[in-house]
Amino acid sequence: MTMVGGSHRESRRGSKMPNLRKFHYALVSVSDGKSRPQASRIKLCSEYLVLQREEFHIWEDEETYPVEAGLRTVLLARDEKGQLGISIKGGREHNLPILVSRVTSACIQARDIFIGDAIVRVNDHTLSDISHDEALALLVEAGPEVSLTLKHYKVATPFLLKQFGRFIPEYTPSFPPACDSIPNSSDDDGTPFHHPEPSQPVPDSPCSVSSDGSGSWIGIPRVKKNWIDVVTVPLLMAYTTRYIFGTDKLRPNAFEVRGMDGSSTGVVHHEDPSQLTQMIKLIVDYIGLLNAHQATKLNRIFSSSRHISHMAWVVEGIINQDQPWQNWKPKFLALRGSSVYIFDSPPLTAGDWPDDDTENDDDHKTSAGVMEYKVFDAMFRVIKESENVDERQHCFLIQTFGQQSHYFSVETRQELLRLESAWHKAVCLAISQLGCKTFHVVYKNKPSALTLDWEDGFTLKCFACVSPEWTFQFSQLKGSSDDGNATLKLHFYRPFNKDTVTEEVICPKLQELLFFMHSFLTAKVASLDPAFMAPRQ
């Protein structure tokens with residue numbers, strides 16, 4: 001299969017100033033996942049992806065069309081091997097006349113035979129209600145020189161010419177043809193691209209190419225080849241995957257793009273893995289840019305504490321009774337303010353997000369098609385490759401306090417790293433805004449309060465005392481252990497004494513305390529990274 005890519009710019013009609021779009025092209029094959037792939041072309045810009053199919057058209061100018069409308073007779077001699085030099089299709093079993101599908105004869109008279117000609121008579125034998133095999137036998141036994149009475153069927157010609165599509169030049173006067181490779185960049189800001197060669201003129205001869213590719217221009221009427229739009233997939237919040245839908249099985253050299261409006265490219269195949277990767281990267285980059293732009297627009301509506309920091313498609317492993325994690329369901333995951341949202345379908349407008357009325361509520365909320373958790377009530381953990389439950393890669397776990405855990409996967413390592421970074425940033429901002437969190441505990445048989453403070457770290461104060469029993473910075477915590485019930489041991493390093501001290505507390509809400517400890521420590525680590533500090537300064 002040939003892969004081509006290119007770019008050109010088109011302006012939108014009706015606008016005073018031209019709004020130019022850059023288009024990229026790639027030759028692929030497309031199937032529905034069950035039937036045989038068909039040759040197609042991808043037309044891609046920053047806003048949508050178009051799937052195109054190849055069609056052939058006879059020139060509209062009837063005066064220059066080389067084939068006579070009525071009956072005509074051609075006397076065709078066999079070659080030295082006894083071959084007539086024509087191929088046929090059709091017959092009674094196909095409910096079609098006997099049609100010429102290929103012309104390879106070197107005989108000068110063969111120039112008057114065209115693909116799309118119906119053979120009406122062979123010598124004195126009329127071909128009516130005849131099968132394909134019967135027609136072949138008649139032609140074989142017709143003698144060294146055969147008289148063919150022909151009638152051209154113009155409407156049949158484009159279908160018969162599909163086998164020669166690679167030889168027929170494209171007729172695309174509105175934009176230049178594609179160049180040799182798909183660009184590596186997804187930007188429209190002057191990134192260098194391969195420039196296409198000037199368009200070749202359409203030949204004035206009655207034929208455009210030889211039917212056998214030899215260049216002798218026999219048998220093919222003057223035709224043009226166009227690419228017709230079949231499916232348009234909007235890229236805003238589109239879902240791209242290389243896996244067979246709902247499974248952990250990776251398609252070899254193939255991918256699929258699904259739009260929010262229900263449109264789909266079908267399964268797009270390409271034989272070159274490197275160029276396939278470039279195609280997917282370009283599509284994913286465009287989707288990411290559109291999603292980021294949409295988030296920016298929505299953030300103008302939301303309060304500053306509820307801004308969207310990340311949103312992308314993931315797939316969630318769904319347990320079934322027979323084989324755990326066998327089913328995978330697409331979910332749209334978003335980070336906004338101090339919350340993580342898991343949507344069944346993407347939130348396109350501000351009204352698609354849960355209300356802000358309970359934004360200070362630490363409990364998780366569930367409404368139709370969306371689940372919400374506070375990031376400090378959840379833990380984000382990247383799954384090691386050795387821990388993957390099936391063939392899905394790039395997996396992670398969101399463990400939520402007091403609720404079910406969610407097992408997710410993304411398409412690439414880069415997506416996983418971006419999500420992990422966005423999660424840490426969201427936790428850092430949420431904890432710094434929260435400031436502190438206090439838990440009722442028992443310390444040395446005395447009712448006390450253990451406070452986690454963004455600035456001061458760990459502080460324990462008995463209710464009956466004026467001053468704290470002890471205070472340690474988060475950086476002094478060297479480890480912890482618990483009994484899974486209520487007892488927690490904290491191991492702190494004391495730099496002045498150069499030793500480690502263990503403090504033991506009993507907390508009725510041990511699991512909640514552990515989740516908050518994890519969130520405060522994650523936030524502290526993230527705050528040391530300049531990438532996290534810059535937006536807060």
Side-chain angles (χ1 to χ4, degrees), residues 1 3-15 18-35 37-57 165 170-178 182-183 185-188 193 196 224-242 245 251 254-270 275-276 278-294 297 311-313 330 332 345-349 411:
M1 174 165 300
M3 166 75 179
V4 298
S7 64
H8 79 279
R9 295 184 181 271
E10 282 184 6
S11 61
R12 293 179 178 175
R13 296 179 180 178
S15 58
N19 188 355
L20 299 179
R21 285 195 183 100
K22 180 181 291 182
F23 287 90
H24 313 285
Y25 298 90
L27 296 182
V28 296
S29 60
V30 177
S31 72
D32 59 3
K34 299 177 182 179
S35 58
Q38 296 183 358
S40 304
R41 184 172 79 166
I42 283 179
K43 175 182 177 181
L44 175 68
C45 73
S46 61
E47 297 177 5
Y48 54 83
L49 182 153
V50 180
L51 191 65
Q52 298 179 314
R53 294 280 168 79
E54 194 176 52
E55 286 193 5
F56 300 94
H57 298 274
E170 293 184 30
Y171 178 68
T172 51
S174 60
F175 56 88
I182 196 165
S185 172
S186 63
D187 298 329
D188 275 347
F193 292 97
K224 61 181 179 181
K225 178 174 65 175
N226 282 344
W227 291 97
I228 306 301
D229 293 353
V230 178
V231 176
T232 299
V233 180
L235 294 182
L236 175 61
M237 297 183 179
Y239 171 63
T240 304
T241 182
R242 293 192 61 184
F245 195 79
R251 287 191 175 99
F255 67 96
E256 179 183 5
V257 182
R258 297 191 176 197
M260 282 187 61
D261 59 353
S263 58
S264 172
T265 59
V267 182
V268 180
H269 303 260
H270 197 281
Q275 292 185 348
L276 181 78
Q278 291 181 47
M279 264 192 285
I280 296 174
K281 181 182 184 301
L282 189 56
I283 294 168
V284 170
D285 284 349
Y286 276 146
I287 293 173
L289 290 172
L290 287 172
N291 291 355
H293 179 65
Q294 183 68 14
K297 292 196 298 183
M311 53 184 186
W313 281 102
F332 197 80
S345 58
L348 187 59
T349 66
E411 293 284 324

Compute both the distance and the angle, then confirm whether Arg251 meets the cation-pi test with Phe245: under 6.0 Å from the six-membered ring centre, within 45 degrees of the axis.
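Not satisfied by the 6.0 Å and 45° rule.
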Between Tyr25 and Lys43, is there a cation-pi geometry (under 6.0 Å to ring centre, at most 45° from the normal)?
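Because its charged atom misses either the 6.0 Å distance or the 45° angle limit, Lys43 does not stack over Tyr25.
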Measure the spacing between [atom1] of [X] and [atom2] of [Y] and express it to the nearest 0.5 Å.
X      : Y      : atom1 : atom2 : answer
Lys281 : Leu276 : NZ    : CG    : 14.0 Å
Thr232 : Asp261 : OG1   : CG    : 9.0 Å
Ile42  : Leu51  : CD1   : CG    : 6.5 Å
Gln294 : Leu289 : CD    : CG    : 13.5 Å
Ile287 : Leu49  : CD1   : CG    : 8.5 Å
His269 : Ser31  : NE2   : OG    : 3.0 Å

Minimum heavy-atom separation for [X] to [Y], with atom names?
X      : Y      : value
Met260 : Leu348 : CE-CB, 4.1 Å
Arg53  : Ala39  : CD-O, 3.8 Å
Ser46  : Leu290 : O-CD1, 3.2 Å
Thr240 : Phe255 : CG2-CD1, 4.4 Å
His270 : Leu27  : CD2-O, 3.3 Å
Ser263 : Val231 : CB-CG1, 4.4 Å

Side-chain (Asn291) to main-chain (Met237) donor-acceptor, under 3.5 angstrom
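Side chain of Asn291 to backbone of Met237, a donor-acceptor pair under 3.5 Å: yes, one is there.
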Donor-acceptor pair, Ser40 side chain versus Gln38 backbone, under 3.5 Å?
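Yes, because the side chain of Ser40 sits within donor-acceptor range (under 3.5 Å) of the backbone of Gln38.
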Only one of Val50, Leu235, Val257 forms a side chain to side chain contact (heavy atoms under 4.5 Å, CB included) with Leu44, so which one is it?
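Running side chain to side chain contact (heavy atoms under 4.5 Å, CB included) over Val50, Leu235, Val257 with Leu44 returns exactly one hit, Leu235.
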Working note: Arg258 + Ser264, criterion side chain to side chain donor-acceptor pair (under 3.5 Å); need CA distance, chi angles, decisive distance, verdict.
CA-CA 4 Å; Arg258 297 191 176 197; Ser264 172; 4.5 Å; no
Just do the side chain to side chain donor-acceptor pair (under 3.5 Å) check on Glu411 and Thr241 with the steps written out, would you?
CA-CA 7 Å; Glu411 293 284 324; Thr241 182; 2.7 Å; yes
Specify whether Tyr286 and His24 have parallel, tilted or perpendicular ring planes, treating 30° as the upper limit for parallel and 60° as the lower limit for perpendicular.
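Answer is parallel, since the angle falls under 30°.
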Minimum side-chain heavy-atom gap Phe332-Pro347 below 4.5 Å:
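SC-SC contact between Phe332 and Pro347 confirmed.
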